[in-house]
Undergrad: 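Structure in structure tokens, see below.
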Amino acid sequence: MGYAIQLVQETPYRFRIERHGPMRVPGVILASRELLPEDQALQQVVNVATLPGIVRASYAMPDLHWGYGFPIGGVAATDITAGGVVSPGGVGFDISCGVRLLVADMDRDLLAPRMTRLLDRLDHVIPRGAARGAVWHLTGRTQLEGVLSDGARYAVEQGHGVARDLERCEDFGAVADADVSQVGSRAMERGLNQVGSLGSGNHFLEIQAVEEVYDEAVAAAFGLRRGQVCVMIHCGSRGLGHQICTDHVRAMEKVMPHYGITVPDRQLACAPVDSSEGRAYLGAMAAAANYGRANRQLLGEATRRAFADLADCGLDLVYDVSHNLAKIETHDGARLCVHRKGATRALPPYHPDLPADLAPAGQPVLIPGTMGTASYVLTGVPGGEAFHSTCHGAGRTQSRHQAARSITGEQLRDRLEAQGIVVRGATWRGLAEETPTAYKDVDTVVTASEGAGLCRKVARLVPLGVVKG
DNA sequence: ATGTGC
């Protein structure tokens with residue numbers, strides 16, 4: 001701290017911070033100059049570069065901004081066999097926050113006359129905000145353990161969805177190495193009544209339309225065509241994931257001296273992946289990841305019921321992918337712990353973890369925009385940098401307080417409705433805090449992501465109706 | 001992000 005961070009521009013979309021001080025690797029920021037954040041987030045890129053076992057670089061995506069310990073839009077991988085660490089701050093409080101996209105077998109013109117009724121129904125059936133309630137009322141601890149161990153797969157087994165849904169979920173709906181015994185009692189309590197709830201902040205459920213297709217072949221493989229209606233769901237693991245992060249940060253803070261680890265920021269609390277504390281966090285994190293997927297599965301099912309009932313219309317899953325997660329992955333023969341925080345995995349065509357029917361197209365990468373703005377579908381590219389990762393959305397540029405001072409919820413609703421976008425918010429205050437003017441421009445972020453060679457654009461989606469958390 | 005903040 002106390003010095004200006006030196007950035008070396010290497011290409012229009014690539015900046016480098018050379019190793020200095022305790023940095024073990026350089027920092028690499030994949031962004032255009034206009035997207036570079038305030039100094040604090042760049043300092044966080046530098047801080048992450050000091051973590052034990054980090055390899056290649058401390059990466060940042062174009063939507064980089066300040067976060068807890070790690071920047072949001074940060075990607076960092078550690079070598080497990082070289083004492084590499086796992087850090088809860090490298091995943092964030094909303095473990096497994098992510099996006100699910102479903103497509104309707106209907107075009108926007110046909111749906112238009114039913115839009116208001118559909119939004120009113122979703123407003124009624126999608127639990128969100130501070131209010132209690134969830135789509136799925138778990139009968140007790142046994143069912144919650146099923147959710148934590150088997151995620152969307154358990155939800156489908158229990159009748160909430162169809163088998164094909166799992167083909168289109170990251171990890172086919174469940175991470176294998178969840179350890180329920182590492183989920184504390186408070187986290188369990190908080191999780192019991194929130195499976196199938198949106199939450200608040202930037203979480204939303206949107207009815208959208210495919211406005212533009214950039215790659216016809218890949219879009220067709222994803223089931224997308226121009227004019228088609230789709231539904232995007234953006235949410236995470238609610239209070240359960242938050243509590244797990246809190247609990248394991250505390251546990252790691254205590255044992256860091258024992259492992260001889262020092263970090264420049266206490267928010268970078270970490271432990272070796274190959275240690276009891278590291279394994280404990282990864283087991284609990286995987287359980288929260290499964291919870292997040294089950295959550296999105298249930299919200300998708302509630303939306304399907306509304307569409308079937310009011311529009312006689314089916315919804316097929318395009319994909320479900322997280323943008324807050326650490327994963328054990330093999331890259332160039334090395335076993336790495338890849339942290340993605342506000343960064344989306346973007347597998348290239350023919351990657352072995354893709355479902356067979358998506359192999360030629362690559363992984364669908366789902367980028368939620370800000371309320372009233374576009375969202376994107378992207379795909380992974382061969383040789384993608386940063387361990388096959390890309391951006392996760394438009395990063396915030398204004399605090400919630402600043403945002404709420406700039407506009408009222410009612411004004412924002414009027415402005416959106418003047419653009420033909422129907423809005424159903426949880427609270428006026430919450431709506432105002434999410435004004436699009438408080439965010440970077442998602443089009444600019446996606447252009448930079450493609451320009452930096454992280455992904456390719458497939459389709460641009462525009463909002464028709466918003467159910468806001 | 002979060003039964004919002006040490």
Side-chain angles (χ1 to χ4, degrees), chain A residues 41 44 63-74 87-100 127-134 138 144 183-205 233-250 253 265-267 269 281 284-285 287-289 291-293 295-296 299 321-326 339-344 368 370-371 392-405 425-435 438-439 468-469:
Chain A
Q44 292 187 316
D63 45 344
L64 173 73
H65 62 286
W66 175 82
Y68 179 87
F70 278 57
I72 294 161
S87 174
V91 172
F93 277 90
D94 194 4
I95 298 169
S96 190
C97 180
V99 182
R100 170 170 291 229
R128 60 199 195 276
R132 291 189 155 269
L138 300 181
L144 180 56
V183 180
S185 55
R186 283 181 80 185
M188 294 290 278
E189 281 165 32
R190 292 177 71 171
L192 204 50
N193 302 308
Q194 296 186 323
V195 188
S197 64
L198 209 48
S200 56
N202 65 357
H203 292 162
F204 64 74
L205 185 155
I233 299 169
H234 177 208
C235 64
S237 55
R238 309 287 280 105
L240 177 128
H242 190 277
Q243 191 66 50
I244 286 172
C245 182
T246 303
D247 293 347
H248 288 261
V249 163
R250 278 197 198 128
E253 277 175 345
D265 175 355
R266 63 177 296 184
Q267 294 184 351
Y281 171 69
M285 183 212 70
Y291 188 95
R293 284 131 191 225
N295 191 20
R296 291 191 288 273
L299 291 170
V321 65
S322 170
H323 47 234
N324 283 2
L325 211 57
H339 301 73
R340 295 187 182 88
K341 180 189 192 175
T344 315
T370 311
M371 191 166 44
H392 87 303
R396 239 187 204 285
T397 54
Q398 267 181 21
S399 71
R400 287 186 181 153
H401 191 69
Q402 281 176 302
R405 256 193 329 221
T427 63
W428 290 121
R429 165 86 194 186
L431 206 61
E433 287 176 352
E434 293 301 314
T435 175
Y439 284 85
K468 192 71 188 154

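All values below come from the heavy atoms of this structure, side chains included, with hydrogens, waters and symmetry mates left out. The sequence lines fix the lettering, A, B, ..., with proteins before strands; numbering per chain opens at 1.
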Undergrad: What is the separation between atom NE2 on His203(A) and atom P on dT4(B), rounded to the nearest whole Å?
TA: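 Rounded to the whole Å, the gap is 16 Å.
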Undergrad: What is the nucleic acid contact for Gly201(A), judged by heavy atoms within less than 4.0 Å: base, sugar-phosphate only, or nothing?
TA: sugar-phosphate
Undergrad: Under 4.0 Å from OP1 or OP2 of dA1(B): is there any side-chain N or O of Asn324(A) that close?
TA: no
Undergrad: Nearest whole Å is fine: how far is dT2(B) P from Arg429(A) CZ?
TA: 16 Å
Undergrad: Nearest 0.5 angstrom please: Arg296(A) CZ to Cys235(A) SG, how far?
TA: 5.5 Å
Undergrad: OP1 or OP2 of dA1(B) sitting under 4.0 Å from any side-chain N/O of Arg238(A)?
TA: no
Undergrad: What integer distance in Å separates Arg396(A):CZ from dA1(B):P?
TA: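 Checked: the CZ to P distance equals 6 Å.
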Undergrad: Starting at OH of Tyr68(A) and ending at C1' of dC6(B), how long is that distance when rounded to a whole Å?
TA: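 Those two atoms, OH and C1', are 13 Å apart.
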Undergrad: Please classify the nucleic acid contact of Gly241(A) as base, sugar-phosphate, or nothing, using heavy-atom distances under 4.0 Å.
TA: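 Gly241(A): no heavy atom of the nucleic acid under 4.0 Å.
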Undergrad: In whole angstrom, give the distance that lies between atom NE2 of His242(A) and atom P of dT4(B).
TA: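 Answer to the nearest Å: 10 Å.
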Undergrad: Rounded to the nearest angstrom, tell me the gap between atom CG in Asn193(A) and atom C1' in dT2(B).
TA: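 The distance from CG of Asn193(A) to C1' of dT2(B) comes to 16 Å, rounded to the nearest Å.
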Undergrad: Can you list the steps and then say if Asp63(A) with Ile72(A) is a side-chain contact (heavy atoms from CB on, under 4.5 Å)?
TA: CA-CA 8 Å; Asp63(A) 45 344; Ile72(A) 294 161; 5.9 Å; no
Undergrad: Counting just side-chain N and O atoms, does Ser200(A) come under 4.0 Å of either OP1 or OP2 of dT2(B)?
TA: yes
Undergrad: Base, sugar-phosphate, or nothing for Gly92(A), non-hydrogen atoms under 4.0 angstrom?
TA: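 Result for Gly92(A) = nothing.
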Undergrad: Heavy atoms under 4.0 Å, any strand shown: does Glu433(A) hit a base, just sugar-phosphate, or nothing?
TA: nothing
Undergrad: Mind checking what makes side chain to side chain donor-acceptor pair (under 3.5 Å) contact with Arg293(A), not counting sequence neighbours?
TA: Glu170(A), Asp171(A)
Undergrad: Which whole-number value in Å describes the distance from Ile95(A) CD1 to dT2(B) P?
TA: 12 Å
Undergrad: Tell me every residue that passes salt bridge (Lys or Arg N to Asp or Glu O under 4.0 Å) with Arg266(A), counting only those two or more places apart in sequence or in another chain.
TA: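 Scan of Arg266(A) (salt bridge (Lys or Arg N to Asp or Glu O under 4.0 Å), adjacent residues dropped) gives Glu253(A).
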Undergrad: Provide, to the nearest angstrom, the distance between the CZ atom belonging to Arg250(A) and the P atom belonging to dC6(B).
TA: 10 Å
Undergrad: For Ser237(A), does its backbone N or O pair with a side-chain atom of Asp94(A) as donor and acceptor, under 3.5 Å?
TA: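 Yes, because the side chain of Asp94(A) sits within donor-acceptor range (under 3.5 Å) of the backbone of Ser237(A).
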